[in-house]
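What follows is a single structure, written as structure tokens, with notes after it.
We name chains A, B, ... by the order of the sequence lines, and we start the count at 1 in each one. Values below: every heavy atom of this structure, side chains too, minus hydrogens, waters and symmetry copies. Everything numeric in this text was worked out from a predicted model, so none of it was measured.
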Protein chains: 2
Amino acid sequence: MAEYEIGSFKIELDLTKPLYEQVLDQIRHAIARGEVELGSKIPSVRELALQLKINPNTVMRAYQELERDKLCETRRGQGTFITTSEEKVMEIKKSLAKDALNVFVSSMKDLGMDRSSAQKLLEEVEWE
Amino acid sequence: MAEYEIGSFKIELDLTKPLYEQVLDQIRHAIARGEVELGSKIPSVRELALQLKINPNTVMRAYQELERDKLCETRRGQGTFITTSEEKVMEIKKSLAKDALNVFVSSMKDLGMDRSSAQKLLEEVEWE
DNA sequence: TTAAGTGTATTATATCACTTAATACACTTA
DNA sequence: TAAGTGTATTAAGTGATATAATACACTTAA
């Protein structure tokens, strides 16, 4: 589809999920990984839409959800800025990790597997 | 939405995912858990559609995918039957577990977490 | 032979989330 | 004042999903 580099992280889009969700996820994860400087400005709605070759409305939808999570702060006429709250970042990181964990545990249970089976899988999986 | 009991397992539908996918997943997982007798007959397309209050075409779509995975065998005029291959069941169980594991690992990496962090989460999570 | 119950196929329609497009307004900064 | 921001609105298009109605082929049992 298209890609765009923001500071040290890159946004890449495909057709597997809604575009606004991909933009949202990738920025959110980049913040969680600490790859975006707190308080820094991210591209304007129009600019990112242009680079990713998608509609400004789609970008805005992602930005608005970031703001709902308090990960971003938008200032009319100025732009959209990453939160300065280290606490918020840790919070969202924990939350995303917990969500992923719950999905995994549910899947294991659905397959009738116990904790130690899951642990064994995790030990044996190729990581890097 | 609706639910239906098949042998020892139950199908419940909601609005979070495509219906055919829920039917498919729930039967597939029940097989993987060993809750369905191998070689047994599952409800007819029309019967299950009636019980779940959904369209027969939707049920058929799920059944056809089960057949593609060789988890079921359909006999025209007779019905749809669970595979008798214990091997196929183990295969699909491994496959589903691997998929879930990969999703989890990807999520952890997206958050910049290493294997031991993931293991710690798994150790600490409430299981039952 | 017949009737009922199977899987399967086809065509049409409806719905909904997602996306795009075009435009306008409010605000900030240089 | 002009350019660049976020925001809002309305309209339209697209594709996956689901429903509806109908028909056909096959199997089984009465």
Side-chain N,O (A:Thr74) to OP1/OP2 (D:dT7) below 4.0 Å: yes
salt_bridge(B:Lys109, B:Asp114) N-O dist < 4.0 Å: no
Heavy-atom side-chain proximity of A:Glu3 to A:Leu13 below 4.5 angstrom: no
Base-pairing mate for D:dT17 - Watson-Crick or G-U, with both contacts under 3.5 Å: C:dA14
Side chains of A:Glu73 and A:Thr80 in contact at under 4.5 Å (non-hydrogen atoms): no
Rounded distance (Å) that lies between atom C1' of C:dC18 and atom CG of A:Leu52: 16 Å
Between D:dT14 (P) and A:Ile54 (CD1): distance, integer Å: 19 Å
For atom CZ of B:Arg61 and atom P of D:dT19, their distance in whole Å: 12 Å
Residue-phosphate contact under 4.0 Å: A:Gln64 side-chain N/O, D:dA8 OP1/OP2: yes
Electrostatic pair B:Lys88-B:Glu91, nearest N-O below 4.0 angstrom: yes
Under-3.5 Å donor-acceptor pair between A:Arg46 side chain and D:dG6 base: yes
Along DNA chain C (nearest heavy atom to each residue), the more 5'-positioned of B:Pro43 and A:Pro18: B:Pro43
Ion pair B:Glu65/B:Arg68, N-O distance below 4.0 Å: yes
Below 4.0 Å: OP1/OP2 of D:dA18 and any side-chain N or O of B:Thr58: no
OP1 or OP2 of C:dC18 under 4.0 Å from side-chain N/O of A:Tyr20: yes
Complementary nucleotide of D:dT28, counting Watson-Crick and G-U pairs under 3.5 Å: C:dA3
Validation row: B:Gln64, B:Met60 side chains within 4.5 angstrom (heavy atoms): yes
side-chain N/O A:Gln78 vs D:dG6 OP1/OP2, d < 4.0 Å: no
Integer-rounded Å distance: D:dT14 P and A:Leu15 CG: 16 Å
N/O (side chain, A:Ser44) to phosphate O (OP1/OP2, D:dT5) under 4.0 Å: yes
Nearest-neighbour nucleotide for the A:Arg76 side chain, D:dA8, C:dG7, C:dA26 considered: C:dA26
Whole-Å distance separating the CG atom of A:Asn55 from the C1' atom of D:dT9: 13 Å
Nearest-angstrom distance from the residue atom CD1 of B:Ile42 to C1' of C:dT6: 13 Å
Donor-acceptor pair under 3.5 Å, A:Arg75 side chain vs D:dG6 base: no
Interatomic distance where CD belongs to B:Glu21 and P belongs to D:dT17 [whole Å]: 7 Å
Interatomic distance where CG belongs to B:Asn57 and C1' belongs to C:dT10 [whole Å]: 10 Å
B:Thr80 side-chain N/O to C:dG7 phosphate OP1/OP2 under 4.0 Å: yes
Base-pairing mate for D:dT1 - Watson-Crick or G-U, with both contacts under 3.5 Å: C:dA30
